[in-house]
J.: 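Submitted below is the structure of interest, expressed as structure tokens.
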Amino acid sequence: MKLELSRVIQGGARLGVLQGIGRTGQLSLKVPGCLLYTHFGTVPHLTQDTLQTISILPSVTQVTLSNIAEHQEVLEEFKDGFKKFAGLHDTVLYCSLHDPATRSPTGYATNKTVSVWGSGGRIELTASKFMALLKTVKPDWYQSMADGETWPANTSRKRIRKSVDRTLAYLDECLLVHQKSQGLDGVELFGVVEGGDVMEERVRSARETAKRPVAGFCLDGLQTGSVDQALRTQLITSMTKELPEDKPRLLQGVGRPDEVLACVEAGVDLFEGFFPFQVTERGCALCFNYDVSPDPERAGRAPQTVLELNEEERSAGGDTQPKGDLNCEDQTQMTSFEMNLKDKRYGDDFKPLVEGCGCYCCRNHQRAYLHHLLVTNELLAGVLLMIHNITHYQNFFGAVREALAADKMDLLKRRVLGESRNSD
Ligand SMILES: [Zn+2]
């Protein structure tokens, strides 16, 4: 794996490509970018065939040990690894510890174990059990074992220090096993940087993790709701100063477009792609504007701005949508980047979800049809929304890279936040 940076903007944002990834070294992934979010290897609602109709899929698929741990015996018996077990096409498999869309309870990490929560309840993992599991999963990348229980706001400094110490100790244990296992040849291990909201602990964790032979870094404990964006940016900036330039940085638990932009500017390369899933599950469709194209023809086909949508809502006399920054505590709440298709105002709206979107859903269906599918609880609603939401989100990351290449981050931020009319 090699990170080739084509542009580093002073003090933060990085544009580039992760080359030669996966066991065969044939795949690549553009950064800033996001991973493909799955449940047990499957993108929720979508079969592999349906998934492959999306033209711009990321080349890295994320699975979580919280899904997999309870199936260890079956995987051991199967022998050929999780990718084959789940029928995945040519993709890089990244195995993380927890599911970013659900929050694990705290109070279960010890000096020797961490716990993951599957459908059957809690599973306690020691470093040796953790590594045994990974040998059956056979991922291309994996996140090292970590104590990330520092996200609640009132976590003490002492507890935060302990999370850093434990995470480093787990990492050393994992590295020992990793280096001795032939089955893990060519597999890349990501070290986890902890430190809660304490700057010195963040710096210490980053510095110490960077001394180990890891392929990349997971920035943990900064998920939406745990710290505000201004503090998150400061913490990320202080960590990335300690990290080598040539290794990727993956931020866990952050997916909202405004937060993604701020974190890209602070030096984050990769995100977990769970946000479109959460939007789909609440019956919503992503519709925020990210067009920074100077081409007036293309601009005419641009998605509606949030401002336009809000105006539409006001004229329809509906509730105003909550602003994204007001509900950062709760990841299940609707944000200002999406439209709620269950609302009856869409019952006779014959426009596509987003004008000009090339996805299967927008090419073939209208808002009114989606509204009908949702109110009658048809499973197809989730399928069509997931296709659109993944497409919209991936295109957004494309726009981020385009904006970095063309020095248009400020314009993109205004577009995404829906302020385009006042500030152009
Ligand atoms: Zn679409």
Side-chain angles (χ1 to χ4, degrees), residues 33-38 42-58 255-258 260 271 273-293 295 297-310 312-313 321 324 334-343 345-375 378-402 412 415-416 418 420:
C34 86
L35 315 180
L36 189 66
Y37 173 77
T38 72
T42 297
V43 172
H45 306 292
L46 306 185
T47 64
Q48 277 294 320
D49 280 355
T50 314
L51 180 67
Q52 297 304 325
T53 63
I54 302 174
S55 54
I56 40 166
L57 289 177
R256 242 174 47 199
D258 56 331
V260 165
F271 295 84
F274 62 98
F275 185 68
F277 163 70
Q278 291 179 321
V279 174
T280 300
E281 294 315 283
R282 51 187 174 245
C284 293
L286 289 174
C287 58
F288 64 96
N289 188 359
Y290 49 72
D291 197 335
V292 290
S293 160
D295 179 354
E297 250 175 65
R298 226 180 112 188
R301 285 158 42 94
Q304 283 179 297
T305 65
V306 174
L307 207 69
E308 282 163 346
L309 288 166
N310 285 346
E312 222 170 76
E313 304 224 328
Q321 290 179 1
M334 191 178 160
T335 66
S336 59
F337 306 100
E338 60 205 85
M339 59 204 280
N340 181 1
L341 287 152
K342 275 181 269 183
D343 197 302
R345 87 191 61 160
Y346 297 114
D348 59 354
D349 186 338
F350 305 118
K351 291 194 285 291
L353 295 179
V354 169
E355 211 79 56
C357 173
C359 86
Y360 174 86
C361 178
C362 293
R363 278 189 285 115
N364 293 285
H365 300 292
Q366 318 113 15
R367 296 172 182 183
Y369 182 62
L370 267 294
H371 173 79
H372 160 79
L373 293 176
L374 284 163
V375 295
E378 294 288 347
L379 294 178
L380 183 59
V383 176
L384 293 175
L385 283 176
M386 198 70 195
I387 291 172
H388 167 77
N389 286 334
I390 291 184
T391 305
H392 197 87
Y393 201 61
Q394 288 298 326
N395 281 332
F396 161 60
F397 274 93
V400 173
R401 293 188 295 268
E402 201 179 314
L412 178 62
R415 288 276 189 271
V416 168
S420 54

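The model shown is predicted, which means the values in this text are computed figures rather than measured ones. Heavy atoms only: backbone and side chains are in, while hydrogens, waters and symmetry mates are out. Every number for a ligand or one of its atoms is a count from 1 in the order of the listing.
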J.: Please name the atom of H388, limited to N, O or S, that comes nearest to the Zn ion (ligand 1).
T.: ND1

J.: Check the angle between the aromatic planes of F288 and F337 and answer parallel, tilted or perpendicular using the 30° and 60° thresholds.
T.: perpendicular

J.: Between the side chain of H388 and the main-chain N/O of C359, is any donor-acceptor distance below 3.5 Å?
T.: no

J.: Taking N, O or S atoms only and a limit of 2.8 Å, check whether C357 reaches the Zn ion (ligand 1).
T.: yes

J.: Is a side-chain donor-acceptor pair under 3.5 Å present for E281 with H45?
T.: yes

J.: The Zn ion (ligand 1) and C361: any N/O/S contact shorter than 2.8 Å?
T.: no

J.: Y290 and H392: aromatic ring centres closer than 6.0 Å?
T.: yes

